[in-house]
Asker: 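This is the structure, below, for whatever I ask next.
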Amino acid sequence: MAAPGSAIKHTFSSLVKQKPPKTSPTKSRGTMAVSMKEVDPVFQAAGQKDGLEIWRIEKLQVVPVPKESHGKFFTGDSYVILKTTALKNGSFRHDIHYWLGKNTSQDEAGTAAIKTVELDAALGGRAVQYREVQGNETEKFLSYFKPCIIPEEGGVASGFRHTEVNEREHQTRLFVCRGKHTVHVKEVPFARSSLNHDDIFILDTKSKIFQFNGSNSSIQERAKALEVVQYLKDTNHDGKCEVAAVEDGKLMADADAGEFWALFGGFAPLPRKPFSELNGKDSASTSKLLCVNKGQTAPIDSEILTRELLDSTKCYLLDCGSEIYAWMGRETTLEERKRAGSAAEELLREGNRSRSHIIRLMEGFETVIFRSKFDKWPKKADAVVSDESRGKVAALLKRQGFNFKSPAKAAPVKQEPQPQIDCTGNLQVWRVNGSEKTFLSFSEQCKFYSGDCYIFQYTYPGENGDECLIGTWFGKKSVQEERSAATSLADKMIESLKFQAVLVRVYEGKEPIEFFPIFQNLVIYKGGTSTGYKKFISEKGIEDDTYSESGVALFRVQGSGPENMQAIQVDTAASSLNSSYCYILHDGDTVFTWIGNLSSSMDQELAERQLDVIKPNLQSRLLKEGSEYDQFWKLLGVKSEYSSQKIVRDQESDPHLFACTFSKEGVLKVREIFNFTQDDLMTEDIFILDCRSCVFVWVGQRVDTKIRAQALNIGEKFLELDILMENVSRETPLYVITEGSEPQYFTRFFTWDFAKSAMHGNSFERRLSIVKDGVKPRADKPKRRPTTSAHTGRSSVPDKSQRSRSMSFSPDRVRVRGRSPAFNALAANFENPNARNLSTPPPVVRKQLPKSVSPDSSKPPPRTASIAAISASLERPKATLIPKSIKANPEANKPQTEASKPKPETNAKEINPTNDNPAATPTVQEDVKESQAEGEEGLLVYPYDRLRTSSTNPATDIDVTRRETYLSSTEFRERFGMTKEAFAKLPKWKQNRLKIALQLF
C-alpha cells in the first residue's frame, strides 16, 4: 500500500466535489463565512471541556474512540484528535490533529483531512490544525500520549481496504528511540543490522527488556528512552520483568551485554547510520508565500513578508520547507478552506517531502512560529468572533434536528494567585552605595528610594527545610553602575551559599507577588540616598527630588491587607490621583488623607496605618473625593482630570516550558516542551518557565559551571527575544533556581516530588534506578545550610523579635518558626480561649495568628504545669530556645554580657507581647505582673534616654519591640501620661502610635 500522501489528490478532490458549495451568507468583515450545513453533527459536543477527544474514520464515517483506548493507534487507520485546553483567561484553546497510519487507505486519509476542517468550523474557526503522519508526528502531538505511542499493526475494516487487527501473544520486538525531550518510537526488524551507534534501541523479550545505548547518544536521550522501557514494562509485562541497560562497546565481560548480543547471534561490528537518516529533516529554505485561488496556487512576489499581504477573503500557503502553513482568512468559505488543505497536500507530493508537516491556521489564531516568519507582525488582539461563530453552528444544527449544546466557556478565571511563600522568616536588606553595600537597620529596611538599588536576603521555612531568597531591587531612577554592582554582589552571596538559594531580579513597578508580603509594609520614596545616585544627578545637573519630611509629598496607598501594604510617593500633581485608591498628602506638618470614591474600607484602613509610618503623631484631615479644600488643590498645583481605573499589573498566564542551549558566542536557542512534567527537567540542562508575570530559569545540578554563571544573563536574553511575541517587558521579574532548591512558588506549576530533585547521578542513572527498583530510591538530600550574613562582614541578623510575620501561603497549617515543644506547652497552659483581642493590628506589626491573650484576661493557670512541661522538653536531646523573660535563672535580672547575648537566629519574635497569637502567650505573665505592681523585680530598668531609638548610648540587652517595659513606673507615667496598667488596656495600634511618637517603636 502506498503512503497515505501518495494518492490522496484524486480522492480528496472528489470528496470535496461531492458537496458543491451553496449560497454563502452575506460576508461581512470579521464574520465567519462558512456553509454550516456541511458540519458533521458528530462534533456537536466537541471542545466544551478540557482534555482529549479522538475519532476514528470507519467506513468514511467519524466514530468516537472510547477514553480507555486513547493513545492506541493502528497503522491501517486514520484518526481525528482534538486537544482542548482551558486557559487562565477563561477561554478554551483548541488544537486539532489528523493522524494517518502508514497503511491507511487513501479515502480514509482524505476523509480525516476534510473532517478536521469541519471540526474547526464547529468550534468557531479558532483551532490550529496539524497533519500527522505515522513516524513523523509533531512534538506537540506526542506530548498528549507521554511517554510515547507505538502503533499496532492492523486497522478497522473499510469499504476500500480491510485489515484485521492482530491478536497475538507476546513476541520479541525491537524499537528505535530518538529524541532528547520527546521520544519518537519506531519498530524496526529484529536484526543486528537495525542497530547503530547513534540511536537508542529497546529489545522487548518475554522475560527481560534491554535498552541498548548507542555510543553517540546523549544522556538525556538515554533517560527519555527509559520512560519507554517503563511503559513497555507496565503495558506488556504487568510491571514484572527484569530491565537491563547495555552500553555500546561493552562486550561479553558484562553479563547483560553478553545476554543481549546472544539474542542477535553474537557480537559483530555495527554499521554506520545511513546518510539519508542522519540528514532526514528537510533542509531549511527561504519561506515562500502562495495565494490559493480555486485550488490553484500562485506565488506572491515580495522580498519581505508582512501581515498586510494576507487578505481575509482568501487562503494562502506559506512554504517553509519543513512545514507548510495553510492560512485561512476569516471571511473564506468552508469549501475554500478545504481546497487550501488539498493544495498543501499537492505541494508536499510535488516536492517529495513526506517528512514535512502541514499546519492549518485561521486568521486571528496564528501560532507564534507562524507570526515570527513575518516582519513586525502586529500585536495579537483577542479574537471576539469565536463564540458568535460557534453559536451560528449550534443554531443551524438545532434547526436540522440535532440537540447541539450552546457554546461552553471555561471556568471563570481565578483571582491573582496568592503568594506561595512563608512570611515568618528573617529579612535582611542592604542599600548599594557605589560598588559596596550598606546594611539597613530594621527601622530602615522597609523604606526604599527610587534612585537606589537594594539587595535583600530572606530566610524562611519551606516544604523541605529552610529556604533562602536573595534578590535585587532596582529603583526606576537608579543608575546602571549600581545595578551592575547589586547583581555582582548578589551573585557572590548566592555562590557563598553554594547555589542553594534562589536569586530574583526585581524592578520597581514590576514586583512579583511574593515580594511585597516579604516586606509587608513598604514605603517607596522619590529620589535617592546612594553615592551613585547623588553623583549622577550632580554630573547631569538634574534637580534632586529626594523626599523631605518638611516638604510637599503625595503618596498612593495600596495593598491587600496589613501584611501586604505599600505607600508609593508619586508626582505631586492632581493627575497622580486615582479614584480607586487612597492618598496621603503632606506639606511639612500639614497632612491630608484623600479617599477615592472607588476605594474600599480596607484601602482606607491601610491609609490610616501608613500615616503612622509617614507622619506619626500628627493629625490628618480626612478628605473624600469631591469635597476637597482649596488648600489641598493648591498643594497639587492645577486641578486636572485623573484616572479611576485600578492599576493593572501583568497577570499570570498559562506557563510555557522551554529547554535552552546557550553557545559560547552568547546565542540562546530554545525549544518548547509541551504538556510538561517534572520529569522533563533534566539535571544536565537549563530550562525556562515563562508565566508572563515572571520568568524562572531552572539550572540542573550537572550544568557546566561556566554556563551556570550565565543563568541570569540567559533569562535576560530570553526576555529580549520575546519568544512568545507577547510584547513582554524586559523588566519582568527573573528568578534563577538551582535544582534541589525549588521553592513552592515554582513547584506549584508541576506535580512535584521533592525526592526526584534530590536524587544523585545523571538523568539516565536516576531513571534507571527507578525503573529497575520499581520505587524511587531513598533521597539523600543535603540539608539547606542556615543563611547568615557571614559574607557581609556582619555577625548578626536583626533580632527576630523585631519582626512578627504571618503565614499566607498555607492557611491549612499554623506554624511559627522556632517554637519549641516547651513554648507550645507553656502557651497551652496560659492561653485563655475565651479572651480575644479584637483591636485593629498596629501599622507595622504584621498579621497575627488567632487566639491572643490580652493583659486584662482572667488569671492565668498555675505556673507549675508549665514549668514542668518546659523541664520535660529540655531533657530531650534537641536544643530548645527559652526566652530570657521566663527562664528560672537568678542571673536573668542582670544585663547580659556580650558573650551571652542571643545569637542572630534566636527566635525572640515569638515572645513579642504585641503579637495576637499563641506564640506571644509565654510573656503574658510579665504583662500580668505589670498590672499587679509596677516596677516589680524581674524587669530591667533603664532611663528613657537609653531606650530611645535615636539614643547615642542605647541599651543593648533589651527586647527592642518592648522598649517601654524597661521604663520605671514613674518615668513611664511622665512620658506616656498614664500608668502601665492603663497603657496595657489600649488597643495595640494606639500603643504603637504612642510609642512611635516617643521614639520607642
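Just so it is clear, the model here is predicted, and its values are computed rather than measured.
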Asker: Please list, chain by chain and in numerical order, all residues satisfying side-chain contact (heavy atoms from CB on, under 4.5 Å) with T531, sequence neighbours excluded.
Answerer: N433, E482
Asker: If you look only at distance, which donor and acceptor atoms sit under 3.5 Å apart when one is on a side chain in residues 638-646 and the other is two or more places apart or in another chain?
Answerer:
residue, atom, partner, partner atom, Å
Y642, OH, E625, OE2, 2.7
S643, OG, Q645, N, 3.1

Asker: Hey, does C468 have a side-chain heavy atom less than 4.5 Å from the side chain of Q457?
Answerer: yes
Asker: Only pairs at least two apart or in different chains count here, so list each salt bridge (charged side-chain N to carboxylate O under 4.0 Å, His left out) that has a residue in residues 542-561.
Answerer: K534-D544
Asker: Kindly write out the residues that satisfy side-chain contact (heavy atoms from CB on, under 4.5 Å) with A486, not counting sequence neighbours, or none if the list is empty.
Answerer: V432, C453, I455, T472, F474
Asker: H586: which residues meet the ring-ring contact (aromatic ring centres under 6.0 Å, His included) condition with it, sequence neighbours left out?
Answerer: Y547
Asker: Tell me yes or no: between the side chains of T593 and E608, is some donor less than 3.5 Å from an acceptor?
Answerer: no
Asker: Return a table of donor-acceptor pairs under 3.5 angstrom between the side chains of residues 716-725 and protein atoms on other chains or two or more places apart.
Answerer:
residue, atom, partner, partner atom, Å
E716, OE2, R505, NH1, 3.4
D722, OD1, E726, N, 3.2
D722, OD2, E726, N, 3.4
D722, OD2, N727, N, 2.9

Asker: Tell me every residue that passes ring-ring contact (aromatic ring centres under 6.0 Å, His included) with Y745, counting only those two or more places apart in sequence or in another chain.
Answerer: Y735
Asker: Once ring-ring contact (aromatic ring centres under 6.0 Å, His included) is applied, do any residues pair with Y449, and if so which ones, sequence neighbours excluded?
Answerer: Y525
Asker: Salt bridge (charged side-chain N to carboxylate O under 4.0 Å, His left out): which pairs involve residues 571-598, sequence neighbours left out?
Answerer: K526-D571
Asker: Are side-chain heavy atoms of I647 and Y581 found at a separation under 4.5 Å?
Answerer: yes
Asker: Is the ring centre of F456 less than 6.0 Å from the ring centre of Y458?
Answerer: no
Asker: Describe, in one word, how the ring planes of F632 and F592 are oriented to each other, choosing from parallel (under 30°), tilted (30 to 60°) and perpendicular (over 60°).
Answerer: perpendicular
Asker: To the nearest 0.5 Å, what is the distance between OH on Y942 and CG on N953?
Answerer: 10.5 Å
Asker: Going by the rule salt bridge (charged side-chain N to carboxylate O under 4.0 Å, His left out), which residues pair with R975 if we only count those two or more places apart in sequence or in a different chain?
Answerer: E971
Asker: Please tell me whether S600 and D603 have a donor and an acceptor in their side chains that are separated by less than 3.5 angstrom.
Answerer: yes
Asker: Does the R649 side chain pair with the main chain of G509, one donor and one acceptor, at a distance under 3.5 Å?
Answerer: yes
Asker: Would you mind telling me which of L469, V429, D422 makes a side chain to side chain contact (heavy atoms under 4.5 Å, CB included) with I518?
Answerer: L469
Asker: With sequence neighbours left out, write down each residue that passes side-chain contact (heavy atoms from CB on, under 4.5 Å) with A567, or none if nothing qualifies.
Answerer: V523, F555, Q610, I614
Asker: Once salt bridge (charged side-chain N to carboxylate O under 4.0 Å, His left out) is applied, what residue pairs with a partner in residues 424-435 remain, sequence neighbours excluded?
Answerer: R431-D452
Asker: What's the separation between atom NZ in K447 and atom OG in S441, rounded to the nearest 0.5 Å?
Answerer: 8.5 Å
